[in-house]
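I have placed the structure first, in the form of structure tokens, so that the comments after it can refer back to it.
Atoms considered below: every heavy atom in the structure, side chains included; atoms not considered: hydrogens, waters and symmetry mates. In what follows, chains carry the letters A, B, and so on, assigned in the order in which the sequence lines appear, proteins first and then strands, with residues in each chain numbered from 1.
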Amino acid sequence: MTDQSHQRIHISAQFSRELEGVRDDVLTMGGTVESQITKALDALLDGNSELAEQVIALDSNVNELERSISDQCMRILALRQPAAGDLRLVLAVIKVTTDLERIGDEAAKMGRQAVLLSEIGVQEKIAAQVRDVAVRSITMVKNALDSFARLEVGDALSVILSDDDTDEAYANAREWLLLFAEENPASLRVAMSYLWILKGLERIGDHAANIAEQVIFLTEGVDVRHLDSQNTRDLLS
Amino acid sequence: MDQQSKNDIALSIRDLSLSYQGNPSALKSISVDIPRHSVTAIIGASGCGKSSLLRCLNRMNDLIDGVQYSGEVLLEEMNVLSAETNVTALRRRVGMVFQRPNPFPKSVFDNVAYGLKLSGVKSQRHREELVEKALRSAALWDEVQYRLDESALQLSQGQQQRLVIARAIALEPDILLLDEPASSLDPISTLRLEELIYELKQTLTIIIVTHNMQQAARVSDFTAFMNQGHLVEFGPTDTIFTRPSMRETEDYITGRYG
């Protein structure tokens, strides 16, 4: 279905409100997670441990939203027995919230590394490498959430296709960091910390791509998980 | 159509239109092949034509004043709608069960044996065997084997409905038409009936009209969605209920308007 029929009016207004409620909560959770990673990056690059602590604290909000959304989905499945677009929405929401929760975890881990690194001081050259990967990952999350909010298949597809670039940026940054560690053995611990952060950012990109896959499933009824980019394009054309 | 696919089709409906007084277009040019040994559910809002379609398949609509058909309903080589069709013989091959159980005011045994007697099974012993077989197939034997001489009207609604099914399948039809068969049953009887439908499709083809979409989803292999006399969409039930291709279908099964 290319139309956005689940935005159309339900005969049961109560059911409509339940579905809208779940969608709104996913967007709230998405907004929280997005601000978590943006703050985590700022905390890291500015050596701001106070901001990093805020990121860590936000994680419990995200976890609570995940629990509440799962609960709502379970109720809808049990009591409403949704079909077609409604069913796909509920299934997609369950998966999307799992990915959002994991992004939240990655942001919290980044926050903890930022606290440790703030005591050492920011290494400008390394920061530039991290920024490159982080900007890509954060953009992917933002665009994935926008595509969920607007049910834009084209935007979701772009997110999935951009994951290759993020992976490549991660691989380059990692190589650069390994060389840096070899040349500066005294900074091995610092390099390890940044490596953890980079890996986390790369995983955030993967989760964003997963979310975009669910947007495609939700709007088109097509499962594009575990396909390469060409197959994904073919399936949607 | 090659031989293989022909064997997989129990009933072929071709360009079927139906009109009667007060409804000039009850069915509008419907074409669909009903797969053999499977359950096909017909869903749609009241007045969409689903019961009319079902009733074409064993000529029950003949009872309506001013009814007119065009098109074909092919049961193997026989055109069900042809004027030459022996309707009694047709209804033996295409059995039907209605919303409310309608057993005869006779004993449990006689309800099932009645049709057998009419169709020429003369030996009482043979009839007894066939009655037991039909009651077993209808998952009723265990409950009525010591009550065969009791009036069928003593049975519960759920048992009566299975008795009526036993009566229909005793004649070994190719196709069984079920018109809202669970609408007067409680949830447990409904589940028993659904289990029975699953068992029966191993040996015959079932077409069921139901208002209960979850029931259609549970019992059927294929679903036909009808709206205002049109067949909007036909396909495997799991596709219709997870990713229908027509917007009308999506709106109906998700309960939307707009």
[X] atom [atom1], over 12 foreign heavy atoms within 6.0 Å:
| X | atom1 | value |
| --- | --- | --- |
| Gln157(B) | CD | yes |
| Arg218(B) | CZ | yes |
| Trp196(A) | CH2 | no |

key: Within residues 74-83 of chain A, residues adjacent to chain B where the heavy-atom gap is under 4.5 Å   = Gln81(A), Ala83(A)
Partners passing salt bridge (Lys or Arg N to Asp or Glu O under 4.0 Å) against [X] (at least two apart in sequence or in another chain):
| X | value |
| --- | --- |
| Asp42(A) | none |
| Asp146(A) | Lys142(A) |
| Glu106(A) | Lys109(A) |

query = Looking at Arg256(B) and His10(A), what are the two nearest heavy atoms and their distance?
reply = NH2-CD2, 3.1 Å
ask   = What heavy-atom pair brings Glu250(B) and Asp86(A) nearest, and what distance separates the two atoms?
value = OE2-N, 4.5 Å
task = Please round to the nearest 0.5 Å and tell me the distance separating atom CG of Leu89(A) and atom OG1 of Thr254(B).
result = 11.5 Å
